Enquirer: 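Below is one structure. I have some questions about it.
It should be emphasised that the depicted structure is a prediction, and the values quoted were computed from it without experimental measurement.
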Amino acid sequence: MKMKKAITMLAFLVVSILLLAACGGEDAGGTGSGNTKSIKFMHLWPEGSSAQHYKVVNEIIADFEAENDGITIDLEVLSNEQYKDKIKVLSTSNELPDVGMTWAAGYMEPYVNGNMFASVDDIIESDLSDSFVPGTAEAFSIDEIAYGLPLELNISTIFYNKAIFDEYSLEEPQTMDELYEIIDTLNKNGVNPIALGNRDAWTGSMWYMYLADRFAGEEDILTQAINREGSFEDPALVQAAEEIQSLVDSDAFVQGFNGLADEEAKSMFMGEQAAMYLIATWDLPNFTTNEDVPQEFRDSVGYFKFPTVAGSGDPNSYVGGPGVGLFVSENSDVKEDAKEFASYFVQQWGERAVTEVGIIPATKVDADSLELPEMYVDVLNDLNEATNITLYADVQMSASAAQVHLDMIQALFGGEITAEEFAKTHEDTLSAED
């Protein structure tokens with residue numbers, strides 16, 4: 001079996017002689033002695049800031065080592081920003097860990113283009129077939145080859161205050177027409193319909209993305225426009241921009257929304273000053289298990305899928321995206337063992353991520369078999385039935401194009417540009433990058 005060249009200089013000569021005598025030469029696969037191999041694993045969930053993540057990871061590692069005699073995991077844990085900095089440094093000297101963490105889409109591209117991340121298609125096909133929620137593994141793919149195994153998933157959905165809805169005899173809307181009726185009723189009764197903090201702009205982008213998805217029907221027009229398989233001036237994308245301005249004209253959002261941060265909008269919703277709030281499932285704990293939030297409010301929160309538009313659109317198609325995923329180093333001396341560990345980790349992580357960490361995993365989970373808050377169960381069941389998840393637009397784009405997108409979102413919501421100008425600016429920006 002192979003071993004890494006990680007012998008200290010002090011003991012190099014003696015250990016080399018012993019290894020040559022015992023094994024017939026130096027084995028270049030792993031760290032250690034005898035038949036032990038070592039897989040170097042780096043993650044970004046320190047015990048201090050991510051105690052449950054840290055605990056579960058260590059337990060998965062211990063279980064893997066117990067089931068794989070002769071293999072040890074050499075673990076290094078760094079905080080988020082420290083991790084990003086170190087991975088960048090290690091990549092310059094071709095010394096990436098055997099298994100590490102990556103983000104999807106644009107973050108991966110320099111590493112993939114530099115031939116530093118191994119394809120994990122073989123893992124998905126052999127061990128994880130049909131394990132991932134649709135759209136998550138694709139987010140870690142470049143040119144239809146997967147280079148990462150997603151661990152986390154967020155989808156955006158519209159949360160609402162059931163007490164406010166009950167007070168005015170309102171029901172969850174299934175169509176945009178029904179949503180407009182709710183907005184009108186709430187405005188007539190002096191209630192803010194929707195909390196929105198569009199100073200951060202990605203919040204408004206979620207509204208635009210959903211409308212683009214619904215107008216487009218079954219086609220992922222937005223992603224096609226971003227990756228240049230389509231145009232941002234596609235009629236569905238222009239219609240989505242027009243609908244945003246219709247919502248603004250209908251006083252759908254709280255006053256001053258373009259100057260509010262998302263945290264301020266969240267506070268308005270959680271302070272029962274607005275009836276609805278579109279946000280991702282990373283906020284689920286605030287609506288379910290966070291004991292710092294009053295139980296009365298948590299009991300009053302429900303959610304509904306983004307409505308269809310004039311009979312068009314699939315309610316099981318979501319806007320969202322995965323969090324971190326695992327990569328395997330292309331230049332690892334123990335690449336096959338590293339792939340086995342990465343596969344094992346993903347399989348073990350899924351259910352425990354929900355029950356012990358409190359996050360939504362990228363793998364499908366049988367929610368009915370778990371003891372979870374009802375909202376978690378509902379979200380997990382929705383994810384299992386998801387037909388598509390469109391990755392957040394600013395994550396899909398380059399940094400410069402993403403900034404243009406966010407600036408245009410603010411201008412669109414603020415009525416400073418027309419829907420056609422919005423579309424043309426995007427098209428010109430993306431075309432210039434071809």
Enquirer: Considering only residues two or more places apart or on different chains, which pairs with a residue in residues 138-155 satisfy salt bridge (Lys or Arg N to Asp or Glu O under 4.0 Å)?
Expert: none

Enquirer: Shortest non-hydrogen contact from T289 to P373?
Expert: CG2-CG, 3.7 Å

Enquirer: Regarding T387 and N316, is there a side-chain donor-to-acceptor distance under 3.5 Å anywhere?
Expert: no

Enquirer: Looking at T136 and V133, would you say the former's side chain and the latter's main chain have a donor-acceptor pair under 3.5 Å?
Expert: yes

Enquirer: Looking at residues at least two apart in the chain, or sitting in another chain, which of them share a ring-ring contact (aromatic ring centres under 6.0 Å, His included) with F41?
Expert: H43, F341, F345

Enquirer: With the threshold set at 4.0 Å, does a side-chain nitrogen-carboxylate oxygen contact exist between D98 and K335?
Expert: no

Enquirer: Output a table of donor-acceptor pairs, distance under 3.5 Å, between side-chain atoms of residues 168-176 and any protein atom two or more places apart or on a different chain; print 'none' if there are none.
Expert:
| residue | atom | partner | partner atom | Å |
| --- | --- | --- | --- | --- |
| E172 | OE2 | Y160 | OH | 2.7 |
| T175 | OG1 | E178 | N | 3.2 |

Enquirer: Does a side-chain heavy-atom distance below 4.5 Å link K339 with V99?
Expert: no

Enquirer: Hey, are the side chains of V379 and T157 touching, using non-hydrogen atoms and a 4.5 Å cut-off?
Expert: no

Enquirer: Tell me, with the steps shown, if Y180 and S246 meet side-chain contact (heavy atoms from CB on, under 4.5 Å).
Expert: CA-CA 10 Å; Y180 277 113; S246 293; 3.3 Å; yes

Enquirer: Working note: N161 + E272, criterion side chain to side chain donor-acceptor pair (under 3.5 Å); need CA distance, chi angles, decisive distance, verdict.
Expert: CA-CA 7 Å; N161 189 310; E272 303 188 81; 3.1 Å; yes

Enquirer: Roughly how far, to the nearest 0.5 Å, is the CD atom of Q82 from the CG atom of N80?
Expert: 9.5 Å

Enquirer: If we ignore hydrogens and angles and just use 3.5 Å, is the side chain of T429 paired with the main-chain N or O of T425 as donor and acceptor?
Expert: yes

Enquirer: Return the minimal non-hydrogen interatomic distance between K37 and D337, and the atom names on each side.
Expert: NZ-OD2, 2.7 Å

Enquirer: Mark yes or no for whether E356, through its side chain, and A353, through its backbone, hold a donor-acceptor pair below 3.5 Å.
Expert: no

Enquirer: With no hydrogens and no angle check, is any side-chain donor or acceptor of T418 less than 3.5 Å from a backbone partner on E421?
Expert: yes

Enquirer: With a 3.5 Å cut-off and sequence neighbours excluded, list the donor-acceptor pairs that the side chains of residues 53-63 form with protein atoms.
Expert:
| residue | atom | partner | partner atom | Å |
| --- | --- | --- | --- | --- |
| K55 | NZ | E59 | OE2 | 3.0 |
| E59 | OE1 | R352 | NH2 | 2.1 |

Enquirer: Is it true that a side-chain atom of S317 and a backbone atom of D314 form a donor plus acceptor pair closer than 3.5 Å?
Expert: no

Enquirer: With rounding to the nearest 0.5 Å, note down the distance linking CD1 in I417 to NZ in K424.
Expert: 12.0 Å

Enquirer: So how far is it from N192 CG to M276 CE, rounded to the nearest 0.5 Å?
Expert: 10.0 Å

Enquirer: Are Y344 and W349 near enough that their ring centres are under 6.0 Å apart?
Expert: no

Enquirer: May I ask you to decide if L237's main-chain N or O and Y208's side chain share a donor-acceptor pair within less than 3.5 Å?
Expert: yes

Enquirer: I'd like to check the side-chain contact (heavy atoms from CB on, under 4.5 Å) partners of E109; sequence neighbours left out, ordered by chain and number.
Expert: N113, I142

Enquirer: Kindly write out the residues that satisfy side-chain contact (heavy atoms from CB on, under 4.5 Å) with S398, not counting sequence neighbours, or none if the list is empty.
Expert: S400, A401, E433

Enquirer: Compare all side-chain heavy atoms of I123 with those of L149 and state whether any distance is below 4.5 angstrom.
Expert: yes

Enquirer: Let's go through N187 and V191 carefully: what are the C-alpha distance in whole Å and the side-chain angles of both, what is the deciding distance for side-chain contact (heavy atoms from CB on, under 4.5 Å) to 0.1 Å, and is it a yes or a no?
Expert: CA-CA 6 Å; N187 277 323; V191 179; over 6 Å; no

Enquirer: Can E385 and N381 be said to form a side chain to side chain donor-acceptor pair (under 3.5 Å), step by step?
Expert: CA-CA 6 Å; E385 297 174 3; N381 286 333; over 6 Å; no

Enquirer: Could you tell me whether a side-chain N or O of T223 sits under 3.5 Å from a main-chain N or O of D220, the two making a donor and an acceptor?
Expert: no

Enquirer: With respect to F269, which candidate in Y277, F159, F253 satisfies the ring pair (Phe, Tyr, Trp, His ring centres under 6.0 Å) definition?
Expert: Y277

Enquirer: Is the shortest side-chain heavy-atom distance between L391 and P322 below 4.5 Å?
Expert: yes

Enquirer: Any chance the rings of F140 and W103 have centres within less than 6.0 Å?
Expert: no

Enquirer: With sequence neighbours excluded, tell me which residues meet ring-ring contact (aromatic ring centres under 6.0 Å, His included) with F215.
Expert: none

Enquirer: First locate atom CD of E47, then atom CD of Q52, and finally report the distance between them rounded to the nearest 0.5 Å.
Expert: 10.5 Å

Enquirer: Quick one: list whatever passes side-chain contact (heavy atoms from CB on, under 4.5 Å) with A280, sequence neighbours left out.
Expert: N154, S156, W282, Y392

Enquirer: Assess whether a salt bridge exists between K162 and D166, defined as any Lys/Arg side-chain N lying under 4.0 Å from an Asp/Glu carboxylate O.
Expert: no

Enquirer: Calculate, to the nearest 0.5 Å, the distance between atoms CE and CD belonging to M270 and E263 respectively.
Expert: 9.5 Å

Enquirer: Could you check whether Q403 and D407, counting side-chain N and O atoms only, form a donor-acceptor pair closer than 3.5 Å?
Expert: yes

Enquirer: May I ask you to check whether Q347 and S343 show a side-chain donor-acceptor distance below 3.5 Å?
Expert: yes

Enquirer: Backbone N or O of F132 within a donor-acceptor pair of the T363 side chain at under 3.5 Å?
Expert: no

Enquirer: Are more than 12 heavy atoms from other residues, nucleotides or ligands located less than 6.0 Å from atom CD of E371?
Expert: no

Enquirer: If the condition is ring-ring contact (aromatic ring centres under 6.0 Å, His included), which residues does F327 pass it with, not counting sequence neighbours?
Expert: F117

Enquirer: Which pair of non-hydrogen atoms, one from P307 and one from I158, has the smallest distance, and what is that distance?
Expert: CD-CD1, 4.2 Å

Enquirer: Within the distance-only criterion (no hydrogens, no angle test), does the side chain of S332 pair as donor or acceptor with the backbone N or O of S329 below 3.5 angstrom?
Expert: no

Enquirer: I need the full list of salt bridge (Lys or Arg N to Asp or Glu O under 4.0 Å) pairs touching residues 222-239, with sequence neighbours left out, sorted by first then second residue.
Expert: R228-E427, R228-D434

Enquirer: Taking ring-ring contact (aromatic ring centres under 6.0 Å, His included) as the definition, give me every residue that meets it alongside Y147, ordered by chain and number, with sequence neighbours left out.
Expert: none

Enquirer: Excluding sequence neighbours, so at least two apart, what forms side-chain contact (heavy atoms from CB on, under 4.5 Å) with A393?
Expert: S205, M209, L222, I226, M397, H405

Enquirer: Before accepting this row, confirm whether a basic side-chain N of the pair K364/D130 lies closer than 4.0 Å to the acidic partner's carboxylate O.
Expert: yes

Enquirer: What's the spacing between I73 CD1 and I39 CD1 if we round to 0.5 Å?
Expert: 4.0 Å

Enquirer: Mind checking whether L151 and V346 have side chains closer than 4.5 Å, heavy atoms only?
Expert: yes

Enquirer: Can you tell me if CD on E76 sees more than 12 non-hydrogen neighbours from other groups inside 6.0 Å?
Expert: yes

Enquirer: Is any side-chain heavy atom of N286 less than 4.5 Å from a side-chain heavy atom of D292?
Expert: no

Enquirer: Do side-chain atoms of S312 reach the backbone of R214 as a donor and acceptor pair under 3.5 angstrom?
Expert: yes

Enquirer: I'd like to know if the side chain of Y303 pairs up with that of D382 as donor and acceptor (distance under 3.5 Å, no hydrogens or angles considered).
Expert: yes

Enquirer: Can you tell me if Q255 has over 12 outside heavy atoms packed within less than 6.0 Å of its CD?
Expert: no

